Amino acid sequence: MKKLLIALCAACTLLTLSGCRSTAYYQNQAVKEARAYLLEEVGPQLTLQQREYVKFNKPILLVSSLLPAPSFGYEQVCVTWLIPGIQEACMVYGYGDKQMIGWSPNRIIWQDFSPWDQNRQKAVKSARDYAINNLFFPLSVEQFNRVRFDAPQIIITDFDLIDEYVGELDDTAVTALTQHTKVQFSIVWPLGETPEQYVVLCGRSEPDLKGWTIDFGAIVTEEELKQHTLDGAPASSLDAVNFVEVGAIRLTPANQ
């Protein structure tokens with residue numbers, strides 16, 4: 001009888017141990033799935049050396065809570081490779097519990113983690129806040145959301161700032177506007193109208209947008225804006241692709 005009990009205890013112990021696996025085990029399983037998914041989805045776009053890098057190098061795990069709870073919660077985890085020769089980080093997105101049990105790849109995100117241009121960020125935030133607070137009523141809901149969520153264009157302009165001010169200016173103010181040495185930048189959101197219209201927040205700053213402050217905000221036509229857009233404007237001009245405010249992000253379609 002004693003031997004039988006010992007045998008049963010041993011069997012229970014083996015079953016318990018076989019059913020308990022460490023966090024490292026589930027992380028390794030998730031990395032294997034992420035690696036296979038990445039090579040299947042974008043492998044043909046990579047060089048042989050880049051594919052070999054993914055196969056034999058450990059990734060970085062970027063983790064964020066999805067459904068937080070006091071002792072248990074789901075997390076979204078990006079299994080991330082910094083592949084040589086590619087500026088963007090290749091992140092295989094998926095989610096599972098805190099041990100990564102049940103984690104499976106959902107899509108691939110290419111994320112540029114270049115340092116933020118702080119001057120540009122501050123200028124865009126200032127322009128957006130001004131537009132939201134002062135240009136709410138002329139805009140439709142769709143147009144208002146464009147200003148709230150879309151990345152703007154930034155161009156060098158030559159609007160006559162004195163004409164844009166309502167009321168009379170004293171001599172000191174006129175002198176400040178006419179003899180300033182700062183660059184006039186306009187932060188612009190297209191509204192998608194026909195003919196095209198733009199929300200324009202015009203201000204002045206140093207050439208790197210440091211200290212940009214608003215002089216006026218208005219809704220103008222495309223023709224009016226082009227009339228005041230200087231030749232030799234920077235790459236972020238009317239005909240350029242919009243910059244993305246917090247690094248460029250592109251997604252591959254999720255699995256159907």
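Since the model is a prediction, treat every value here as computed from it, not as a measurement.
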Practice item. With rounding to the nearest 0.5 Å, note down the distance linking CH2 in Trp189 to CZ in Phe149. Key: 12.5 Å
Exercise for review: Identify the heavy atoms of Arg128 and Pro152 that sit nearest to each other, and give their distance.
Suggested key: NH2-CD, 4.4 Å
Exercise for review: Taking all heavy atoms of Ala127 and all of Ile187, pick out the closest pair and write down the distance.
Suggested key: CB-CD1, 3.8 Å
Revision key, fill the gap. Separation between CD (Glu33) and CG (Leu38), nearest 0.5 Å, reads 13.5 Å
Review point. Do Ile154 and Trp212 come close enough that some side-chain heavy atom pair is under 4.5 Å?
Key: no
**Study point:** Which residues share a salt bridge (charged side-chain N to carboxylate O under 4.0 Å, His left out) with Glu224, sequence neighbours left out
**Key:** none
Check your understanding: What are the two closest heavy atoms between Gln87 and Asp112, and how far apart are they?
Key -> NE2-OD2, 3.2 Å
Exercise for review: Say whether Phe144 and Phe137 are linked into one hydrophobic cluster, either directly or through other cluster members, by side-chain heavy-atom distances under 4.5 angstrom.
Suggested key: yes
Exercise for review: Supply the atom-to-atom distance Tyr93 OH to Thr80 OG1, rounded to the nearest 0.5 angstrom.
Suggested key: 12.5 Å
Exercise for review: Could you pull out all residues at least two apart from Asn28 that satisfy side chain to side chain donor-acceptor pair (under 3.5 Å)?
Suggested key: none
Revision key, fill the gap. Those residues at least two apart in sequence (or on a different chain) that pass side chain to side chain donor-acceptor pair (under 3.5 Å) with Gln50 are Thr47
**Study point:** OH on Tyr130 to CG on Leu201, rounded to 0.5 Å
**Key:** 7.5 Å
Practice item. Please name all residues satisfying ring pair (Phe, Tyr, Trp, His ring centres under 6.0 Å) with Phe56, sequence neighbours left out, ordered by chain then number. Key: none
Review point. Looking just at side-chain N and O atoms, do Tyr95 and Glu75 make a donor-acceptor pair shorter than 3.5 Å?
Key: no
Point to revise | Lys226/Glu223 salt bridge by N-O under 4.0 Å criterion | key: no
Review point. Mind checking what makes side chain to side chain donor-acceptor pair (under 3.5 Å) contact with Thr157, not counting sequence neighbours?
Key: Gln184, Ser186
**Study point:** 4.5 Å side-chain heavy-atom contact, Ile60 and Leu82
**Key:** yes
Check your understanding: Which heavy atom of Pro138 sits nearest a heavy atom of Ile219, and at what distance?
Key -> CB-CD1, 3.7 Å
**Study point:** Asn57: side chain to side chain donor-acceptor pair (under 3.5 Å) partners, not counting sequence neighbours
**Key:** none
Practice item. Specify the closest pair of heavy atoms between Phe136 and Ile132, including all atoms of both residues, with the distance to one decimal. Key: CB-O, 3.7 Å
